[in-house]
Structure formats: C-alpha cells, structure tokens
Visitor: 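Below is the structure I would like to discuss, written out as structure tokens.
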Amino acid sequence: QVQLAESGGGLVQAGGSLRLSCVASGLTFSNYAMGWFRQTLGKGRELVSAITWSGGATYVADSVKGRFTISRDNARQTVYLHMNSLKPEDTAVYYCAADRMISDSPAAYDYWGQGTQVTVSS
C-alpha cells in the first residue's frame with residue numbers, strides 16, 4: 001500500500017521559514033516525480049513545485065519563485081519543500097503527490113498525502 005506522509009507544517013509569522021517533508025512508502029520512490037500542491041478553501045489544488053525522479057529538473061510556480069525550494073533524498077524516500085520569506089497568502093494545506101512525470105494537473109498524480117496545514121500570520 002502506497003503512503004505519502006507529510007509533516008512540518010504549522011503556524012509561522014510572515015517572513016519566517018518552514019521545511020515540509022514527505023516520506024513515501026510502498027512504492028519505488030526513485031521511479032516517481034514528486035510534486036507539492038497547496039489548496040485553500042473554495043479553490044482547487046495549485047502546483048507549487050515539482051521535481052523529477054532524479055532531482056535533475058524542478059518546477060517552481062511564479063508565486064513562490066525565489067522563496068521556495070524543492071529537493072529530494074531518494075535514499076530516504078523523502079521530498080522536501082523549503083519555504084522562506086513566507087507570506088500570509090502562502091497559508092494553505094500543502095499536499096505532496098507522486099507521478100511518473102512532472103505535471104501541473106492534480107488529476108495526473110497517482111498518489112497523494114493527507115496534507116499538512118501551513119498558516120502564516122501577518
């Protein structure tokens with residue numbers, strides 16, 4: 001059974017930092033691209049960042065470019081989202097997801113975690 005388990009969310013003041021982690025089990029992690037999505041109430045899931053299976057290529061949304069960085073450790077079956085200079089508009093539930101290749105469409109992803117809440121206070 002495939003499981004993706006996010007952690008690292010929480011409450012932080014604007015300008016602060018958080019590191020989200022997503023540990024995968026039940027799949028060959030190095031065969032999958034990984035994405036981080038976020039969702040707020042009443043809105044669809046937005047791709048924030050994604051990384052290829054090897055880590056050789058990444059995608060970062062314009063809204064977080066220069067502030068967020070994605071990385072992965074295939075030996076630990078873990079993908080990270082390093083979030084700096086957080087803004088109140090970054091408040092959302094953050095999800096990790098696995099797919100064979102990077103896509104900005106949530107429907108393309110095979111597996112999802114349960115999400116972790118990030119709240120940025122002003």
Side-chain angles (χ1 to χ4, degrees):
Q1 181 181 359
V2 175
Q3 289 190 323
L4 302 179
E6 303 99 334
S7 62
L11 174 63
V12 64
Q13 288 188 328
S17 298
L18 285 174
R19 187 184 76 165
L20 305 184
S21 300
C22 171
V23 180
S25 60
L27 77 170
T28 304
F29 184 70
S30 57
N31 286 351
Y32 285 83
M34 298 297 295
W36 283 100
F37 287 79
R38 65 185 180 187
Q39 187 171 24
T40 55
L41 282 174
K43 293 189 177 181
R45 293 185 183 182
E46 168 197 22
L47 180 64
V48 175
S49 191
I51 188 167
T52 56
W53 66 271
S54 67
T58 62
Y59 164 84
V60 182
D62 287 342
S63 58
V64 303
K65 198 163 289 183
R67 301 188 297 120
F68 290 13
T69 304
I70 191 170
S71 64
R72 67 187 293 159
D73 183 340
N74 285 349
R76 296 179 183 273
Q77 307 235 134
T78 303
V79 61
Y80 304 97
L81 186 67
H82 308 261
M83 306 187 294
N84 298 316
S85 302
L86 283 160
K87 304 176 180 180
E89 51 263 42
D90 294 319
T91 295
V93 178
Y94 285 72
Y95 299 88
C96 68
D99 188 21
R100 294 290 184 172
M101 61 179 64
I102 288 178
S103 170
D104 63 358
S105 170
Y109 285 76
D110 296 327
Y111 305 107
W112 290 86
Q114 292 300 305
T116 185
Q117 176 70 47
V118 171
T119 302
V120 184
S121 63
S122 57

Visitor: Test your reading of the model: is there a side-chain donor-acceptor pair from Gln77 to the backbone of Ala24, 3.5 Å cut-off?
Guide: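 Looks like yes, one N/O pair under 3.5 Å.
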Visitor: Hey, what do you get for OG1 (Thr40) to CG (Asp90), rounding to the nearest 0.5 Å?
Guide: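 So the gap between those two atoms works out to 11.0 Å.
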Visitor: Checking Arg72 against Tyr80: charged group under 6.0 Å from the ring centre and within 45 degrees of the axis?
Guide: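 Cation-pi check for Arg72 and Tyr80: fails.
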Visitor: State which residues pass salt bridge (Lys or Arg N to Asp or Glu O under 4.0 Å) with Glu46; sequence neighbours excluded, sorted by chain then number.
Guide: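 Scan of Glu46 (salt bridge (Lys or Arg N to Asp or Glu O under 4.0 Å), adjacent residues dropped) gives Arg38.
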Visitor: Same cluster for Leu47 and Val79 if Ile/Leu/Val/Met/Phe/Trp/Tyr side chains link at under 4.5 Å?
Guide: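 No, separate clusters.
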Visitor: Ignoring hydrogens, what is the shortest heavy-atom contact between Asp99 and Ser103? Give both atom names and the distance.
Guide: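 Closest approach of Asp99 to Ser103, heavy atoms only: OD2-CB, 4.2 Å.
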Visitor: Measure the spacing between CE of Met101 and OG1 of Thr52 and express it to the nearest 0.5 Å.
Guide: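 That separation rounds to 11.5 Å.
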Visitor: What do the steps show when you test Phe68 against Leu86 for side-chain contact (heavy atoms from CB on, under 4.5 Å), and what is the final call?
Guide: CA-CA 9 Å; Phe68 290 13; Leu86 283 160; 3.7 Å; yes
Visitor: Could you tell me the separation between the OG atom of Ser122 and the CD atom of Gln13, rounded to the nearest 0.5 Å?
Guide: 9.5 Å
Visitor: So, the side chain of Thr116 versus the backbone of Glu6: is there a donor-acceptor pair under 3.5 Å, distance only?
Guide: no
Visitor: Checking Leu4 against Tyr95 for the side-chain contact (heavy atoms from CB on, under 4.5 Å) test, could you report, in this order, the C-alpha distance in whole Å, the side-chain angles of both residues, the deciding distance, and whether it holds?
Guide: CA-CA 9 Å; Leu4 302 179; Tyr95 299 88; over 6 Å; no
Visitor: Hey, could you give me the CZ/SG distance between Phe29 and Cys22, rounded to the nearest 0.5 Å?
Guide: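 So the gap between those two atoms works out to 7.0 Å.
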Visitor: Tell me the closest heavy-atom pair linking Val118 and Gly9, and the distance in Å.
Guide: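 Distance-wise, the nearest heavy atoms are CG2-CA, 4.1 Å.
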Visitor: Does Thr58 use its side chain to pair, donor to acceptor, with the backbone of Ile51 at less than 3.5 Å?
Guide: no
Visitor: Kindly compute the distance separating OG1 (Thr69) from CE (Met83), expressed to the nearest 0.5 Å.
Guide: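 Taking OG1 in Thr69 and CE in Met83, the distance rounds to 11.0 Å.
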Visitor: Taking atom NZ of Lys65 and atom OG of Ser49, what is their separation to the nearest 0.5 Å?
Guide: 9.5 Å
Visitor: Is a side-chain donor or acceptor of Arg67 paired with a backbone partner of Ser85 at a separation under 3.5 angstrom?
Guide: yes
Visitor: Side-chain heavy atoms under 4.5 angstrom apart, residues restricted to Ile, Leu, Val, Met, Phe, Trp, Tyr: same cluster for Val93 and Val64?
Guide: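 No, Val93 and Val64 fall in different hydrophobic clusters.
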Visitor: What do the steps show when you test Val23 against Gln3 for side-chain contact (heavy atoms from CB on, under 4.5 Å), and what is the final call?
Guide: CA-CA 8 Å; Val23 180; Gln3 289 190 323; over 6 Å; no
Visitor: Can you name the nearest heavy-atom pair linking Ala57 to Ile102, along with the distance?
Guide: O-CD1, 4.2 Å
Visitor: Assigning hydrophobic clusters by single linkage (Ile, Leu, Val, Met, Phe, Trp, Tyr; side-chain heavy-atom cutoff under 4.5 Å), is Leu20 placed with Leu11?
Guide: no
Visitor: Can you list every pair that meets ring-ring contact (aromatic ring centres under 6.0 Å, His included) and has a residue in residues 34-63, with sequence neighbours left out?
Guide: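 Listed once each, the pairs are Phe37-Tyr109, Phe37-Trp112.
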